[in-house]
Protein chains: 2
Amino acid sequence: MSELNEHQHHDIVGRLRDAGLRPTRQRVALADLLFSQGDRHVTAESLYDEALGQGVRVSLATIYNTLNQFTTSGLLREVVVDSGKSYFDTNTGAHQHVFNEDTGDIEDVQLSLDADELASRISVPAGHEITGVDVVVRLRRSS
Amino acid sequence: MSELNEHQHHDIVGRLRDAGLRPTRQRVALADLLFSQGDRHVTAESLYDEALGQGVRVSLATIYNTLNQFTTSGLLREVVVDSGKSYFDTNTGAHQHVFNEDTGDIEDVQLSLDADELASRISVPAGHEITGVDVVVRLRRSS
DNA sequence: GTCGGTGCAAACAGTTTGCAAATAA
DNA sequence: TTATTTGCAAACTGTTTGCACCGAC
């Protein structure tokens, strides 16, 4: 069972409320797993397994719903590194990723490249906006 | 029916042979669609529809097999822009992508950023190598 | 003739959804 | 009490695979 003291609990509940989400038992527990241990990268399955391991009773469908809601409300960011499954990052700030294709692990990196400057070199079609500039360095075990 | 003259046909057959792939009717037809009209980005479905539209008789399973074989043998490159489906690019050189999240369209761009330079700033774990540095600018209709 | 390729259908992985029961406010 | 949320199972999308038949060499 994940241990929440009054203080942590209120932080999380407030954060959910600020995002316009009801602090249900499941959302509070998942937000606790996600946000109380630094920057993380999860998939639906990895978060589900972790929740079960911590004794949090939650269904996989709710994991999916919650990850999507958290992403829509800005608490998470989706990282597209694999055409087969979705990854989510608790770090919503500007940064880049190193993706290990063998293990599926993602690491944040700060390449100190100016995404806005890159974006400014793109001719954006009228009525469109840039929603992000993603940089992924791919790693694999040397053959 | 796709029209192949002697010359084009030989180019394609040779290209398949060089890649270590038997020039079957299906592979020749798909390679023709892919490589005889400049740089392109396709999904399995889009290539399947196009093939059927051109009167090329081929199954979807073969489209998948062929796209994977072409990618493995270096004729194509996979572009990871969507966590739901795979995109393939006939341009295997160093370049970046602009992805329209509404339409699914991909465009090549040359941001003249030095991927090798970026890569050099990453601390690569022992026994690992960088397989690519992907840059994707995401676009969406302005809200 | 041999070995690899193809097509079909079934299997699969990941994700979404309809609906009844449960819960936050 | 009322509107949301949850959990389950079923549905769905994209992709892979087993196997009999077909085709390139």
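Residue numbers begin at 1 in each chain, while the letters A, B, ... track the order of the sequences.
- We find that CG of B/N68 is positioned 16 Å from P of D/dG14, with the value rounded to whole Å.
- Rounded to whole Å, the distance from CD on B/E45 to P on D/dT15 is 8 Å.
- In this structure, CG of B/L60 is placed 18 Å from P of C/dA11, rounded to the nearest angstrom.
- B/F88 CZ to B/L67 CG: the interatomic distance, rounded to the nearest 0.5 Å, is 5.0 Å.
- Using a 4.0 Å cut-off, some side-chain N or O of B/Y64 falls inside it from OP1 or OP2 of D/dT15.
- Close to D/dC25, at under 4.0 Å from its OP1 or OP2, lies a side-chain N or O of B/R17.
- Judged by closest nucleotide on DNA chain D, A/R27 is the one of A/R27 and B/K85 placed further toward the 5' end.
- Residues B/T62 and B/S83 each lie close to DNA chain C; by heavy-atom proximity, the contact nearer the 5' end of the strand is made by B/T62.
- Remark: B/R25 is not in phosphate contact with D/dG23, judged by side-chain N or O atoms under 4.0 Å from OP1 or OP2.
- Note on A/T24: every side-chain N or O is 4.0 Å or more away from OP1 and OP2 of C/dA24.
- If you measure from atom CD1 of B/I63 to atom C1' of C/dG5, you get 14 Å, rounded to the nearest angstrom.
- Look at OH on B/Y48: it is 16 Å from P on D/dT13, rounded to the nearest Å.
- A donor-acceptor distance shorter than 3.5 angstrom exists from the side chain of B/R27 to the backbone of B/R22, with no hydrogens or angles considered.
- Residue A/R22 has its side chain nearest to D/dT5 when only C/dT15, C/dG7, D/dT5 are considered.
- Backbone-only engagement by A/S86 is indicated by non-hydrogen atom pairs under 4.0 Å involving sugar-phosphate atoms exclusively.
- Listed pair A/Q26 / D/dG7 meets the phosphate criterion, a side-chain N or O lying under 4.0 Å from OP1 or OP2.
- For A/L67 and C/dT17, the CG to P distance is 15 Å, given to the nearest whole Å.
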Check against side chain to side chain donor-acceptor pair (under 3.5 Å), B/H95 and B/D89
CA-CA 11 Å; B/H95 65 283; B/D89 190 347; 2.8 Å; yes
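- With the nearest nucleotide of DNA chain C identified for both A/F88 and B/V58, B/V58 has the one nearer the 5' end.
- Judged by closest nucleotide on DNA chain D, A/Q69 is the one of B/G84 and A/Q69 placed further toward the 5' end.
- In terms of phosphate contacts, B/S59 brings a side-chain nitrogen or oxygen within less than 4.0 Å of OP1 or OP2 of C/dG7.
- Note on A/N65: a base of the nucleic acid sits closer than 4.0 angstrom, heavy atoms only.
- If you take OG on B/S86 and CD on B/E45, they are separated by 12.5 Å, rounding to the nearest 0.5 Å.
- Atoms CZ (B/R57) and P (C/dT6) sit 13 Å apart, rounded to a whole Å.
- Note on B/L33 and B/Y87: separate hydrophobic clusters, where clusters join Ile, Leu, Val, Met, Phe, Trp and Tyr whose side-chain heavy atoms are under 4.5 Å apart, directly or indirectly.
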Pair B/V135, A/D134 - check side-chain contact (heavy atoms from CB on, under 4.5 Å), show working.
CA-CA 6 Å; B/V135 178; A/D134 297 350; over 6 Å; no
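- To the nearest angstrom, P of D/dA24 lies 15 Å from CG of B/L21.
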